[in-house]
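What follows is a single structure, written as C-alpha cells, with notes after it.
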Amino acid sequence: MDHPALHFFNWGVMHNCQYATIEPLAISKELLTEIKTATEACGKIYQKAVDFALNSAQILRLLGIPETAIEFCRLAYDPHMPVTVIGRFDFAVNGAGENAEIKLLEFNSDTPTGVVEASELNALITKLRHVKNPNEMFAGNVKKAFHQFISKKYENIIFTSLGWHQEDKGTVLAELAFSGLPAKYVPLDSIRVTADRVADDRGNRIDLLYRLYPVEWFAREIDGIKLLELAAKGKLDLLNPPSAFVAQSKVMLAIIWELYKNTHFFNKAEQEIVARYFLPVYLDNIYFKGRPHAVKPAFGREGGGVCLYDEKGEIEAFVENQEYINDLVYQERVTLPIHTISTWSGEFTGRLLVGSFLIGGEFSGVLLRVGEAITGDLAYFLPVTST
Amino acid sequence: MNRQKLLGVLVAGIIALTGCSQTASNDPPAEEEEQQEDVYYDDEGYYDDDGHFIHTGKIHSGGKSKITSSSSKGLGSSAKGSVSS
C-alpha cells in the first residue's frame with residue numbers, strides 16, 4: 001500500500017500477509033455516539049481506579065508491576081493529569097445504534113498502536129471513497145493532549161521506540177508530527193543512560209522522553225532500570241506517564257470489579273458505568289463455574305498468552321506465548337460479532353473488535369480490526385466511516 | 001494463597017485507611033512492607049444472582065511478600081517483538 005498522502009503508514013503488508021483492507025465499514029451516528037460515551041466513561045473509571053491503586057505498593061505488586069518500577073510509578077505520578085496521553089480501549093460491540101451492548105475487554109493505555117491506521121490511513125481511504133471520516137479529530141487531539149501534559153519548558157524532548165521495528169517507529173514518527181512539539185526521534189538503542197542522566201545520540205541530556213516501549217520491558221534491562229530510577233528522582237520525565245503503565249495491567253480490571261462489587265468506592269453514576277461497560281474479572285479461576293471465560297496475562301500483548309474457555313472448561317482458542325505466563329486474570333467471556341471483509345485473496349469472515357482511542361481524556365477515533373476469536377497481530381485493519 | 005482474596009483485603013484496607021481514593025499514600029516504605037505479613041480471607045463466600053463471587057470469610061494473616069528481580073541488558077535489548085497492545 002503506497003500513496004503520496006501516506007507519510008507514516010508503510011505496513012499494509014506484514015509478515016507477507018495483507019494487514020490493511022480498503023472497504024470501510026459504516027457505523028451509525030448513534031453507535032458512534034455510544035462508543036464515544038463508553039470511551040470517556042471508562043476513562044473516568046480508570047482515572048479514579050488508578051489513583052486508588054497508587055495508594056499501595058502491595059496493590060502495585062498485585063498488578064504485576066515489577067519491583068524495580070514501583071518507586072517510579074508512585075513518585076512520578078501526577079494525579080492532576082489524565083491517566084494517559086494516548087490510550088486505546090478494546091470493546092466488544094454487539095448490536096447496533098443506541099441499543100448496542102458495549103463491553104470493555106482491555107485498556108491499552110501504555111503503548112497503544114493503531115494510531116497511524118486510525119488517523120492517516122483512515123483519513124486517506126475515506127477521502128478517496130468520498131465518505132465521512134469519524135476520526136478526523138485524531139491528530140488535533142494528540143497535539144492538544146501533549147500540550148496538556150507539558151506544562152514546563154523542556155530543553156530536549158525525544159520521541160523513541162525500537163528503531164528496527166517498522167510499525168513502532170512509524171507510529172512514533174506520526175505522534176511526533178501530530179504533537180507539534182520541538183522534538184526529534186531517536187531510536188531506543190541510541191539512547192545512553194549514565195548514573196545521573198539520560199542522553200540522546202549526540203550526548204545531550206534528555207529531559208522529556210516519549211516512549212513507545214513498555215515500562216515492564218525497561219524494568220528487565222539494567223539501563224532501563226537506571227532510566228526508571230532517574231525518572232523517579234525527577235531527572236527525566238516520561239510519557240506516557242506512569243499512570244498509563246499501571247492502567248495497562250489487566251489486573252486493573254479485577255480491581256475495578258472488586259471496588260464495584262464489594263465496596264462503595266464508586267458513586268452511583270460510576271457504578272452504572274461499571275455495570276454497563278465492564279465485565280466481571282477475578283484473579284483466580286474458581287469464579288466462573290460452568291461459564292465461558294477468558295484467561296489473560298496482566299501485560300500480554302497482541303493476544304499473547306490469552307486462552308478462551310467454554311462452559312465445560314475446555315479450551316476453545318489460545319495464543320501461545322511463553323513470555324506472558326504470570327499475573328493472570330480471569331474475565332467473563334463476551335463473544336465478538338462475526339464480520340466478513342474483502343481481502344486480496346477473497347472474502348474473510350472473522351470477529352470484529354472495536355478499538356476506541358482515549359487521547360488526553362477525550363474520545364479521539366475508532367480502530368476496527370477483524371481477526372480470529374483472539375485478536376492477534378495478523379488481524380485485518382478495517383477502515384471506518386459513519387453515516 | 002488466593003490472589004482474589006488478597007485483592008479484597010488490600011482494597012478494603014486502603015478504603016478503611018483513606019476513606020476514598022483521593023488521599024495521599026498511606027503505605028509505609030517498601031522495605032518495611034516486605035516485613036509485613038500478607039492477609040487473606042477464609043475460603044468462604046457465595047455467588048450472587050449474577051453469578052459473581054461475594055467474599056464473606058474472615059481475615060487472617062501469614063506469609064511474606066515474594067518479590068522477583070530482573071535481568072541485565074541495554075535499552076531495547078529485551079524486546080522480542082512489537083510493543084503493540
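Model, not experiment: these values are computed from the prediction. Just so we're on the same page: letters track the sequence lines, and every chain starts at 1.
- With a threshold of 4.5 angstrom between heavy atoms, A/Tyr213 approaches chain B through its backbone and through its side chain.
- Within the 4.5 angstrom heavy-atom criterion, atoms from both the backbone and the side chain of A/Ile191 approach chain B.
- Here the closest heavy-atom approach between residue A/Tyr282 and residue B/Gln4 is recorded as CA-OE1, 3.2 Å.
- In this structure the side chain of B/Leu7 never reaches within 4.5 angstrom of the side chain of A/Val251, judged on heavy atoms.
- The shortest heavy-atom contact between A/Asp223 and B/Gly74 is OD2-CA, 3.8 Å.
- Of all non-hydrogen atoms in A/Glu221 and B/Ser78, the two that sit nearest each other are OE2-OG, 2.6 Å.
- In this structure, the separation between CD1 on B/Ile14 and CG on A/Leu54 is 10.0 Å, given to the nearest 0.5 Å.
- Between the B/Arg3 side chain and the A/Leu283 main chain, a donor and an acceptor come within less than 3.5 Å of each other.
- Here A/Asp200 pairs with A/Asn156 under the side chain to side chain donor-acceptor pair (under 3.5 Å) rule; sequence neighbours left out.
- Scored by the side chain to side chain contact (heavy atoms under 4.5 Å, CB included) test, A/Glu71 finds A/Leu75, A/Ala232 as partners (sequence neighbours excluded).
- For the pair B/Asn2/A/Ile286, a side-chain contact is recorded, criterion being any heavy-atom separation below 4.5 Å from C-beta on.
- In this structure the side chain of B/Val11 never reaches within 4.5 angstrom of the side chain of A/Phe265, judged on heavy atoms.
- At a 4.5 Å heavy-atom cutoff, the contact between A/Leu227 and chain B is made by side-chain atoms alone.
- Neither the backbone nor the side chain of A/Asn285 comes within contact range of chain B; no heavy atoms are under 4.5 Å apart.
- For the side chain to side chain contact (heavy atoms under 4.5 Å, CB included) with B/Leu75, the lone residue among A/Val193, A/Ile222, A/Leu162 that qualifies is A/Val193.
- Side-chain contact between B/Thr18 and A/Asn55 is present, with at least one heavy-atom pair separated by less than 4.5 Å.
- Atom NZ of A/Lys226 sits in a crowded spot, with more than 12 heavy atoms from other residues, nucleotides or ligands closer than 6.0 Å.
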